[in-house]
Student: 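Provided herewith is a single structure, encoded as structure tokens, for subsequent inquiry.
Counting starts at 1 for both ligands and their atoms, following the listed order. Owing to the predicted nature of the structure, the values given are computational and were not obtained by experimental measurement. FYI, side chains are in, hydrogens and waters are out, and symmetry mates aren't considered; it's all heavy atoms of this structure.
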Amino acid sequence: MRIVYLNPSGQIGGAEAALLDVIASLGKAEPDWKLELVVSDDGPLAAKAKALGVLITVLPFPNSLAQIGDAAAGGLAGNNLRGRRLLRQLIFGSPATAVYVSKLRKLLRQRHPDVIHTNGFKMHVLGAMAKPPGVPLIWHIHDYVQSRPFIASVMRLLSRRCTMALVNSNSVKRDVAQAFVGLQTQTVYNAIDTRVFCPCGDRLDLDSLSGLQAAEPGTIRIGMLATFARWKGHETFMRALSLLTPDLSWRGYIIGGALYQTHGSQYSLADLKSISQRLGISSRVGFTGFIEEPAAAMRSLDVLVHASTQPEPFGLVIAEAMACGRAVIVSEAGGALELIQAGINALGHTPGDAAQLAEHITRLGSDPQLRARLGAAGRATAEQRFDRTRLATELVPIYRRLAGVA
Ligand code: GLC
């Protein structure tokens, strides 16, 4: 079995972390399968996939393609017909895209994959355009399609070339079923390495990483770990911090960085710092930047906040923090709702409701037993539902069926 994965970005965001877990799980279960990855730049994703024994090909995007941001394209969308035409032009009418597609097609022909598995909207489109006839194509969809009407309209035109879609939650499944009527779709929840994401192990000095003085003993550490995409809710998080009761000794940490090449849909570090200043909490909020070891960062927190202001398709960070035995507060919308039982293995708040989030933080901050109880239940849930050995169990039969291999 030879599977070629196509990923549009060389950075490791949620969809790429999920892909690495798919590859690791398959590599272990089916060591004879040939797994290859085509990626647009030689970043950390290529390095990590290579370490898992995957053959890497870097096929750089022309500038015009690199600049199309999925979220930005979504933002442009609405009823903006001109924008829609522009995007279609960029994809179907641009010589640079045509050259890219023909290079990709040539590469795919040489590789003879049994299955092509694309990750990320640009590669769903480019993969469908470049795919040699007869080769099954899986779109692994990690985000809502209908919130990106441009891309959705282009994908709809190409959806007959896609054999099936994998989605990361039932919430995304419903969205995809509405967007592409008749496309076979299956939910495969993401999974993680629960030996890496576990309660025991290294911790980080988040204060010194953020350039803050050491916090006094007993300080409650509350953190958010996310890319700087605006909908991840950094502002809600900081507003909640600014509302905390004065008797709680706390520090907040914003862990992560601006990841994507496109502007407009994400905050810059300066934007976030100015929000913390405006709210009067800048001396108590640390910005660590991107952290290589998210598990160690999570273990250094007492409370992990997930604050997305829009429905979260899955929310890998939630599963990771539960596996690390942390008390997690989740924004209750979308696929994230399928990961938790509020009050049992996490707490939930209404998306964007900073006051409610502040109440939950205060409650957790002053109740170590509640934190421990939620953390232990979260760990148990992660072991049962989010251990990555499950990925191969679910995916191997799918690949075999699509490739017509018994
Ligand atoms: C995307 C989604 C996120 C999910 C990740 C992995 O980044 O926005 O919710 O956790 O993909 O599937």
Student: If I take atom CE from residue M129 and atom CG from residue L126, how far apart are they, to the nearest 0.5 angstrom?
Tutor: 6.5 Å

Student: Hey, which atoms in ligand 1 end up nearer than 4.0 Å to a heavy atom of N190?
Tutor: 6 (C), 12 (O)

Student: Tell me whether R160 at atom CZ has more than 12 heavy atoms from other residues, nucleotides or ligands lying less than 6.0 Å away.
Tutor: no

Student: Examine ligand 1 and decide if any of its atoms is less than 4.0 Å from a heavy atom belonging to Y144.
Tutor: no

Student: Test your reading of the structure: does G14 have an N or O sitting under 3.5 Å from an N or O of ligand 1?
Tutor: no

Student: I need the contact type for L316 against ligand 1. Using non-hydrogen atoms and a strict under-4.0 Å cut-off, is it side chain, backbone, both or neither?
Tutor: both

Student: Could you list which atoms of ligand 1 come closer than 4.0 Å to a heavy atom of E312?
Tutor: 3 (C), 8 (O), 9 (O)

Student: If you measure from the Lys or Arg side-chain nitrogens to the Asp or Glu carboxylate oxygens, is any gap between R400 and E30 under 4.0 Å?
Tutor: yes

Student: Does G315 come within less than 4.0 Å of ligand 1, judged by its heavy atoms?
Tutor: yes

Student: Indicate whether any N or O donor in one side chain lies under 3.5 Å from an N or O acceptor in the other, for R111 and T57.
Tutor: yes

Student: Indicate yes or no: does an N/O atom of W231 lie under 3.5 Å from an N/O atom of ligand 1?
Tutor: no

Student: Supply the atom-to-atom distance M1 CE to Y399 OH, rounded to the nearest 0.5 angstrom.
Tutor: 9.0 Å

Student: For residues F121 and H124, establish whether the separation of their ring centroids is below 6.0 Å.
Tutor: yes

Student: Taking only heavy atoms of H142 into account, list the atoms of ligand 1 that are under 4.0 Å away from them.
Tutor: 1 (C), 2 (C), 6 (C), 8 (O), 11 (O), 12 (O)

